[in-house]
S.K.: 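This is the structure, below, for whatever I ask next.
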2 protein chains.
Amino acid sequence: MAKVTMQEISKLAGVSPATVSRALHSPHLVRKDTRERITRAMEKSDYVYNATAGDLSRKRSSMIGVIIPTTKSLVFSTSLLAIQEAAQENNFSIMAGSSKYDLETESALISQFQERRPAGIILTGFLKGQQASIKRLIRNGMPCVVIWDKLADPDLSYVGFDNFKATYAVTEYLISLRHRRIGLIIGPYSKVDRVRRRLEGFLAALKDYGLPHHPRMIIEKEPTLIDGKEAMARLMDMPERPSAVLAASDTLAMGAMAAVRDMDLGVPENVSIAGFDDIDIAAYSNPPLTTVRVPAYEIGRLAVKVILDMAKTGDLRAQHYCLDTSLIIRKSCRKLQKNET
Amino acid sequence: MAKVTMQEISKLAGVSPATVSRALHSPHLVRKDTRERITRAMEKSDYVYNATAGDLSRKRSSMIGVIIPTTKSLVFSTSLLAIQEAAQENNFSIMAGSSKYDLETESALISQFQERRPAGIILTGFLKGQQASIKRLIRNGMPCVVIWDKLADPDLSYVGFDNFKATYAVTEYLISLRHRRIGLIIGPYSKVDRVRRRLEGFLAALKDYGLPHHPRMIIEKEPTLIDGKEAMARLMDMPERPSAVLAASDTLAMGAMAAVRDMDLGVPENVSIAGFDDIDIAAYSNPPLTTVRVPAYEIGRLAVKVILDMAKTGDLRAQHYCLDTSLIIRKSCRKLQKNET
DNA sequence: GGTTTACGCGCGAGCGCTTTCGCGCTTCCT
DNA sequence: AGGAAGCGCGAAAGCGCTCGCGCGTAAACC
């Protein structure tokens, strides 16, 4: 390891360690020629700043903890990428982990992060039962922001979008296409509120348009391809099968489309499918998927901004950012004929 | 932040800080009742270990730096997931970053990691021009392992597979299907050796089977859907268009399939397409993609093991693990008739 | 019973950086 | 010319944890 310390640099440059530190972090506080001497000393001895020592001394670290639910879905990777980019630009590193929708894993991750005294923690939603500990974190002065949802709790910061509204909108779209038997394949809503809100949006739309609600047509699954496929197969096997299915994530939708294909049926001829997320591949599937575009990238960048902001000012009052989603109409849904059912 | 320190715990438990530290890290060195007193003290004062201080004192950190090329491809996320899981099991955190195939970004990431004195660094291949600095890292005592490729350099550790051989094998398969005009859509081989080896495997197979080599049928692109689509469109526009196309990553292949669809042509009726990576969705595309399965998950876990091993023993001698790949035959390639071309 | 062995624990000197305080010097103002 | 203000820098006291060393007590041996 590069074992040269600031001490040695300071000797080499004929200044005190304090000055070296200043030259590094507040260059404007040291005269140009001294600064140059220091820079030269650092270069010629391959000095590498020790952020661990710095963080300890400064009593806060330049890391940000990030928890995403899964890497199986590209859409979270997009937020993660944005977070990492934004962090790097500010010379922060990120610690990442995925909860895999498991409360214990999530808690373990949070504890692990805590040990590093990060500048803040970004959570992608959070699991039921976690709310209290997050609030405790905040009360203890740890900047936290929840992404990917619009939270009702005024004490929690979020950077997200309205899952209820967005889901309501797609459902409404499906209804406008004259569909009346609409299935729903959805992620673990019993574990994650963010997902539950999608369910609620769906239900609300059904209700508002006077459509019956068939509990059997709502299938809760993990957001994976295989689960989407299985769920769809089950839906298609029902005596009165749905004419349209909303998959609450594109990954599920992709799986669902595969199930239809396996039955030698077509989308949207035999059944319409809509997704949620607008992952890259949604535009490239066969048929291209009608879905809800979600500002994954912007969410990531903004979340970092919020964290950094809180860390800098020490003002942990909750900040709320509700971004827009949009319905992307492609080719996986069709309008039923008047007489069709 | 939880601001209680080991000091305070030690007072509360009536022992010295050293003992608290031992109770935490080497419980067998402290008597059971003392240990329990300490544990109780920690619980009732919400003690959170300060890993920053610990790392500084111990002069090595419990973090691992990871660089992947991009999060646009799910296949790297899989390795990342495996790395994170394995790390967490050993109480290590990971710092992640993506190079986006840019040398400067990659270097910046490495420098940023260095500042934290990580236990080691995992690189997904590396860019041209980076080799020297990696070797320097190793010489300075930093465990490094390159994943996703089999390296020729005996001084560099790797956990990967034989890109040459794997690509040779798919190409051979295409040839066995009587294809003679085979196009190649490939990632940035001029920047990344790992990708170049795929190119070389392809070329070697062509040569060994006496097939002509059309440079224009080899298109270098970023491994994204849109690039795959564009490249395929170009290939299909050629006067003597290929009867089969190998896409050196599944993402490219998905894009390529979309291009074919846009021309109202079919895969594999009008053109066969093979991919590389076997990302989850490859099995769910329409048609399901013939591709090369790559042990992304195992690579990740093994890489962590290697790093931890090196960090523990201090033995930085290069370790090599070449894992197996396999050809997954699905439905995107068809055999040409005798008279077909 | 005296010596050895082992065990459990405290002491104290760091790890490499940050930051407050204040000193001496230059510059500016009246 | 004398005082105020400001600039550039050094001294030193930490930040919270680790670990080699060594002491005292208890168990083990002949």
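Chain A is the first sequence line, chain B the second, and so forth, proteins listed ahead of strands; every chain is numbered from 1.
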S.K.: Would the distance check show the side chain of T39(A) and the main-chain N or O of R35(A) forming a donor-acceptor pair, the cut-off being under 3.5 Å?
M.R.: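 The answer is yes, because a donor-acceptor pair under 3.5 Å joins these two groups.
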S.K.: Tell me, which of residues 15-26 of chain A have any heavy atom that sits under 4.0 Å from an atom in DNA chain C?
M.R.: A18(A), S21(A), R22(A), H25(A)
S.K.: Keeping to residues at least two apart or across chains, list the salt bridge (charged side-chain N to carboxylate O under 4.0 Å, His left out) pairs with something in residues 92-115 of chain A.
M.R.: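 Counting only pairs at least two positions apart or across chains, the salt bridge (charged side-chain N to carboxylate O under 4.0 Å, His left out) contacts touching residues 92-115 of chain A are K100(A)-E85(B).
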S.K.: Listed by chain and number, what are the side-chain contact (heavy atoms from CB on, under 4.5 Å) partners of N91(A), not counting sequence neighbours?
M.R.: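 Only Q112(B) meet the side-chain contact (heavy atoms from CB on, under 4.5 Å) criterion with N91(A).
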S.K.: Run the numbers on R37(A) and V15(A) for side chain to side chain contact (heavy atoms under 4.5 Å, CB included), then give the verdict.
M.R.: CA-CA 9 Å; R37(A) 242 174 326 133; V15(A) 297; 4.2 Å; yes
S.K.: Residues of residues 30-45 of chain A with any non-hydrogen atom less than 4.0 angstrom from an atom of DNA chain C: list those, numerically ordered, please.
M.R.: none
S.K.: Could you work out how much the helix from dG1(C)-dC30(D) to dT30(C)-dA1(D) bends, comparing the axis of its first five pairs with that of its last five, to 10°?
M.R.: 30°
S.K.: Verify the distance criterion only: is there a donor paired with an acceptor across the side chains of Q84(B) and S98(A) at less than 3.5 Å?
M.R.: yes
S.K.: Minimum heavy-atom separation for A303(B) and I147(B), please, with both atom names.
M.R.: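 Closest heavy-atom pair between A303(B) and I147(B): CB-CG2, 3.6 Å.
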S.K.: Using a strict cut-off of less than 4.0 Å between a Lys/Arg side-chain nitrogen and an Asp/Glu carboxylate oxygen, indicate whether K135(B) and D153(B) qualify as a salt bridge.
M.R.: yes
S.K.: Donor-acceptor pair, distance only, cut-off 3.5 Å: does the side chain of S61(A) make one with the backbone of M63(A)?
M.R.: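 Yes; judged by distance alone, with no hydrogens or angles, the pair exists.
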S.K.: Once ring pair (Phe, Tyr, Trp, His ring centres under 6.0 Å) is applied, what residue pairs with a partner in residues 73-129 of chain B remain, sequence neighbours excluded?
M.R.: F76(B)-W148(B)
S.K.: Would you mind listing every salt bridge (charged side-chain N to carboxylate O under 4.0 Å, His left out) that reaches into residues 20-31 of chain A, with sequence neighbours excluded?
M.R.: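 Passing the test, one end in residues 20-31 of chain A: R31(A)-D33(A).
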S.K.: Not counting sequence neighbours, list each pair that qualifies as a salt bridge (charged side-chain N to carboxylate O under 4.0 Å, His left out) and has a residue in residues 47-68 of chain B.
M.R.: R116(A)-D55(B)
S.K.: With sequence neighbours left out, write down each residue that passes side-chain contact (heavy atoms from CB on, under 4.5 Å) with S111(A), or none if nothing qualifies.
M.R.: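 side-chain contact (heavy atoms from CB on, under 4.5 Å) check on S111(A) returns nothing, list empty.
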S.K.: Between which nucleotides of DNA chain D, 5' to 3', does chain A make heavy-atom contacts below 4.0 Å?
M.R.: dG8(D) to dG16(D)
S.K.: Sub-3.5 Å donor-acceptor pair from the side chain of S10(A) to the main-chain atoms of V20(A), do we have one?
M.R.: no
S.K.: What are the bounds, 5' to 3', of the part of DNA chain C that sits under 4.0 Å from heavy atoms of chain A?
M.R.: dG16(C) to dT20(C)
S.K.: Search all heavy atoms of V145(A) against all heavy atoms of V306(A) and return the closest pair with its distance.
M.R.: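 Minimum heavy-atom contact is CB-CG1, 4.5 Å.
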S.K.: Please list, chain by chain and in numerical order, all residues satisfying side-chain contact (heavy atoms from CB on, under 4.5 Å) with E298(A), sequence neighbours excluded.
M.R.: P295(A), L323(A)
